[in-house]
K.L.:
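If you scroll down you'll find the structure; I have some questions about it.
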There are 2 protein chains.
Amino acid sequence: MKTRNARAREGHAPDASALPPESGGPQIERPAARVTLNDIAAHAGVSRATVSLVLRKSPLVADDTRTRVDAAMAELGYVYNRRAANLRSGASRTVGLVLCEITTPNYAQFTSGVDEVLDGAGYAAFITNSNEDSTRQRRLLVRMQEHGVDGIVLIPAEDTKADVLADAYSAGVPCVVAQRRLEGLTADYVGPDYGAGMELVTEHLIALGHRHIGFIGGVRRIAPLAERLAGFRRALRRHRLKSGPVVPCAVQDRADGYAAARDLLAAGEIPTALVCYNDVVALGVMLALAERGLTPGKDVAVVGCDDVAEAGLSRPALTTFTTDPRVVGREAARLLLRRIENPNRPPEQIIVPPRLIIRQSCGAAPGQRTRAAAPAASPVPRRPARARTA
Amino acid sequence: MKTRNARAREGHAPDASALPPESGGPQIERPAARVTLNDIAAHAGVSRATVSLVLRKSPLVADDTRTRVDAAMAELGYVYNRRAANLRSGASRTVGLVLCEITTPNYAQFTSGVDEVLDGAGYAAFITNSNEDSTRQRRLLVRMQEHGVDGIVLIPAEDTKADVLADAYSAGVPCVVAQRRLEGLTADYVGPDYGAGMELVTEHLIALGHRHIGFIGGVRRIAPLAERLAGFRRALRRHRLKSGPVVPCAVQDRADGYAAARDLLAAGEIPTALVCYNDVVALGVMLALAERGLTPGKDVAVVGCDDVAEAGLSRPALTTFTTDPRVVGREAARLLLRRIENPNRPPEQIIVPPRLIIRQSCGAAPGQRTRAAAPAASPVPRRPARARTA
DNA sequence: TGGAATTTTTAGACCGATCTAAATCTTTGT
DNA sequence: ACAAAGATTTAGATCGGTCTAAAAATTCCA
């Protein structure tokens with residue numbers, strides 16, 4: 001208790017120091033007492049209200065006055081106090097971003113995209129990491145609200161229930177769910193389309209002449225596998241092809257793909273092409289092929305998903321598709337801004353189309369490198385598709 | 001202008017909707033009017049001041065009263081308004097983190113470490129990305145101050161001058177610089193010690209019997225190379241060994257290390273071991289060796305730096321050291337919290353020691369995997385070293 | 001039982017901005 | 001020259017908490 005009180009008192013008497021020790025530069029003149037609108041007003045010989053108008057670039061103030069006030073602000077080194085402003089005006093120009101994981105390259109890119117758009121619009125973002133822990137996630141969401149954010153972007157932790165955002169919604173805080181769909185919630189959502197991506201790479205293999213195509217990776221009965229497998233099968237069905245062997249396996253490590261492919265090869269039935277759950281699996285699969293004396297891209301085509309950094313550097317370089325996480329981030333931020341501006345618009349679902357990246361592992365002509373979208377009769381629109389929900 | 005006004009008015013009249021459309025759950029009862037302390041006070045039959053005391057868990061309030069107030073808060077669905085609280089009390093429990101780049105795995109890890117500690121201490125972090133643009137960085141720092149953060153953690157953009165933080169310091173905002181040293185500023189700093197890391201791996205090679213050791217990577221006359229090369233040379237000098245060939249080269253792509261190593265090998269003088277600027281270079285070097293029929297870890301030892309994900313997966317797996325970016329992040333956050341608590345303490349420089357990770361590429365016995373710190377006569381302390389500046 | 005000591009509660013100023021409604025100052029028209 | 005219209009400026013309430021100082025309630029003890 002004593003400590004607590006002591007600390008509180010300390011915090012109350014604002015300390016003039018906390019200065020850099022012996023920073024070479026000129027000594028600091030001003031003490032740490034915050035300059036306020038009143039100070040500016042006094043210094044410029046106008047009222048506080050006028051200064052406020054100048055701050056907000058109101059057309060009401062006379063040019064002459066504006067100049068005087070601007071000068072006073074510069075002279076006194078005024079720093080705008082958003083918290084105070086927000087208290088009265090409501091909006092905080094602040095957004096909360098609750099991630100399930102920061103360090104995954106995918107989500108780091110996503111975050112970067114969100115930040116880019118928000119920063120451009122003058123918003124600052126509270127960013128936190130639930131670490132796939134839905135309890136922590138709930139706590140973070142509450143904290144965001146305590147801070148009075150204007151909106152929230154959420155990548156739900158794995159065991160998230162559809163009602164996580166109930167509190168936020170009932171408090172009138174706009175929310176956008178991103179990257180992972182929340183079952184049972186039809187609200188604003190932005191995410192990639194893995195199914196379409198799988199369709200894209202499979203179509204590409206078919207166009208190259210492959211007729212016996214297998215699928216490797218993914219854990220049975222988990223949503224992401226179902227989505228990808230569905231895309232794979234849609235492409236096959238369109239061309240009236242039967243599916244080759246489907247081998248589920250873990251997808252964390254290339255050892256997983258390696259083991260799965262080795263088993264498949266040992267079983268004897270070797271497809272001419274393998275679609276992999278993701279790049280990590282694909283890289284492992286290529287290892288297993290090489291070990292068997294098969295050249296990926298020549299004897300067996302291999303394609304992945306994600307376009308991880310390693311994909312472009314492996315030998316042969318991996319043909320894959322990207323879900324453009326940075327674009328997903330940008331779209332999520334834009335959607336949130338639209339919703340903040342107009343809370344009554346109908347909910348929107350934005351599906352960012354995949355982008356095919358053709359390299360050597362599929363056996364395509366080496367001249368052909370990257371294709372921005374699917375071929376002629378593409379099932380996927382070129383730009384982010386906006387679909388209203390009924 | 002019109003739009004602007006319209007928007008402002010909109011913001012002012014809080015909208016009751018912005019609800020999720022047809023979310024399966026139960027319909028929302030409460031409109032979006034924020035519940036305040038006054039509401040709680042009225043409902044519980046006490047004064048606003050008392051409710052405030054309950055909120056802050058003051059020992060002054062009677063248990064009976066506390067229970068009643070807690071019940072009222074639960075019943076009305078109260079959400080604490082930090083902005084309002086902060087306005088009066090000063091501290092905002094908010095910190096700004098200005099990064100030069102989010103997507104680099106190193107900095108993503110760093111961010112995660114910062115977030116972990118701050119979250120644990122009940123702080124929320126504004127996180128933004130200067131994108132190596134010092135103008136943008138300056139803007140972001142101002143914005144942080146406008147939001148009234150209690151402190152700032154900065155990874156300076158590349159062309160940052162030592163006075164970036166002058167404004168923050170003169171406003172009394174505690175700051176910690178991380179990862180990249182700012183020349184000419186002796187203030188709180190937390191960063192890795194690449195020099196010691198290079199010393200560590202070089203010592204390890206020497207302990208394995210190597211006497212002819214070369215160095216590959218880095219751009220001449222740029223600080224990071226100088227620091228690493230110095231560590232490399234310290235280790236050699238300690239054992240009275242002459243340096244093998246030193247080959248600078250770019251360090252972005254494994255193609256860079258590949259080319260440099262190929263040139264070196266072509267020149268004929270082949271060291272028994274190669275210390276590489278980082279893992280990416282080392283992976284390229286191993287490619288060049290293999291191409292020449294030399295087995296990394298057997299014919300020529302190779303070591304890197306960073307412990308990127310790929311390092312553990314390559315064949316042979318790469319011996320390297322990590323600068324533990326997550327630990328650096330944690331330490332940076334802790335230091336900032338200490339400084340916030342006591343702005344007058346002397347500045348601190350925390351250098352996080354490197355950690356050696358022994359795998360196969362150096363030719364060590366395969367049983368030996370990871371060592372937490374340097375051997376017996378280590379020049380580097382085991383735990384983060386805290387050195388006060390004069 | 002009365003008054004001091006202690007515990008608990010509270011009124012009202014305050015933080016630094018925005019917002020409303022009204023006051024003041026300029027122009028303009030006749 | 002005077003009123004109406006338009007352009008600027010401003011006083012004072014307000015946002016939702018915290019803080020201070022004092023009031024009210026309770027307990028303690030002679």
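Throughout, protein chains are lettered first and strands after them, A, B, ... in sequence-line order, and every chain is numbered starting at 1.
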K.L.:
Testing the 3.5 Å rule here: is there a donor-acceptor pair between the side chains of B/Arg138 and B/Ser134?
P.N.:
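No pair is found: no donor N or O on one side chain lies under 3.5 Å from an acceptor on the other.
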K.L.:
Within the structure, does a side-chain N or O atom of B/Thr65 lie under 4.0 Å from either OP1 or OP2 of C/dT9?
P.N.:
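Affirmative; the distance criterion is met.
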K.L.:
Is the phosphate of D/dT10 approached by A/Ser47 (side-chain N or O, under 4.0 Å from OP1 or OP2)?
P.N.:
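Looking at the OP1 and OP2 atoms of D/dT10, one of them is under 4.0 Å from a side-chain N or O of A/Ser47.
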K.L.:
Would you indicate which nucleotide in C/dA11, C/dA17, D/dT9 comes nearest to any side-chain atom of A/Ala62?
P.N.:
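Nearest to the side-chain atoms of A/Ala62, counting from C-beta on, is D/dT9.
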K.L.:
Nearest to the B/Arg48 side chain among D/dG12, D/dG17, D/dC15, which nucleotide is it?
P.N.:
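Looking only at heavy atoms from C-beta outward on B/Arg48, the closest nucleotide is D/dG17.
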K.L.:
Closer to the 5' end of DNA chain C via nearest nucleotide, is it B/Asp63 or A/Arg83?
P.N.:
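Its nearest nucleotide being more 5', the pick is B/Asp63.
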K.L.:
Output yes when at least one side-chain N/O atom of A/Arg56 is less than 4.0 Å from OP1 or OP2 of C/dC19, else no.
P.N.:
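Yes, within the criterion.
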K.L.:
Can a side-chain donor-acceptor contact be found between A/Arg56 and A/Ser52 if the only test is distance below 3.5 angstrom?
P.N.:
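Present: a donor and an acceptor within the cut-off.
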K.L.:
Whole angstroms only, please: what is the CZ-C1' distance between B/Arg82 and D/dT18?
P.N.:
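Atom-to-atom, B/Arg82 to D/dT18, this comes out as 14 Å.
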K.L.:
Considering heavy-atom distances to DNA chain D, does A/Leu53 or B/Thr36 have its closest nucleotide positioned more toward the 5' end?
P.N.:
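The residue closer to the strand's 5' end, by nearest nucleotide, is A/Leu53.
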K.L.:
Please confirm whether the shortest side-chain N or O distance from B/Ser52 to OP1 or OP2 of D/dG17 is below 4.0 Å.
P.N.:
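Indeed not, no polar side-chain atom of B/Ser52 lies that close.
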K.L.:
Which sits closer to the 5' end of DNA chain C, A/Tyr80 or B/Leu60, going by the nucleotide each is nearest to?
P.N.:
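The residue closer to the strand's 5' end, by nearest nucleotide, is B/Leu60.
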K.L.:
Do A/Asn81 and A/Thr36 make a side-chain contact, defined as non-hydrogen atoms from C-beta onward lying under 4.5 Å apart?
P.N.:
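When only atoms from C-beta onward are counted, A/Thr36 and A/Asn81 do not touch, as no gap falls below 4.5 Å.
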K.L.:
Whole-Å distance between D/dG16 C1' and B/Asp39 CG?
P.N.:
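Roughly 10 Å, once rounded to whole Å.
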K.L.:
For the residue pair A/His147 and A/Thr94, establish whether any side-chain heavy-atom pair is separated by less than 4.5 Å.
P.N.:
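The answer is no; the side chains never approach within 4.5 Å.
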K.L.:
Please state how far atom CG in B/Asn86 lies from atom C1' in C/dC14, giving the value in whole angstrom units.
P.N.:
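These atoms are roughly 15 Å apart.
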K.L.:
Of the candidate nucleotides D/dG17, D/dT9, C/dA17, which contains the atom at the shortest distance from the side chain of A/Arg88?
P.N.:
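For the A/Arg88 side chain, the nearest candidate turns out to be C/dA17.
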K.L.:
Closest to the B/Ala49 side chain: D/dT9, C/dT10, C/dA17?
P.N.:
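Selected nucleotide: C/dT10.
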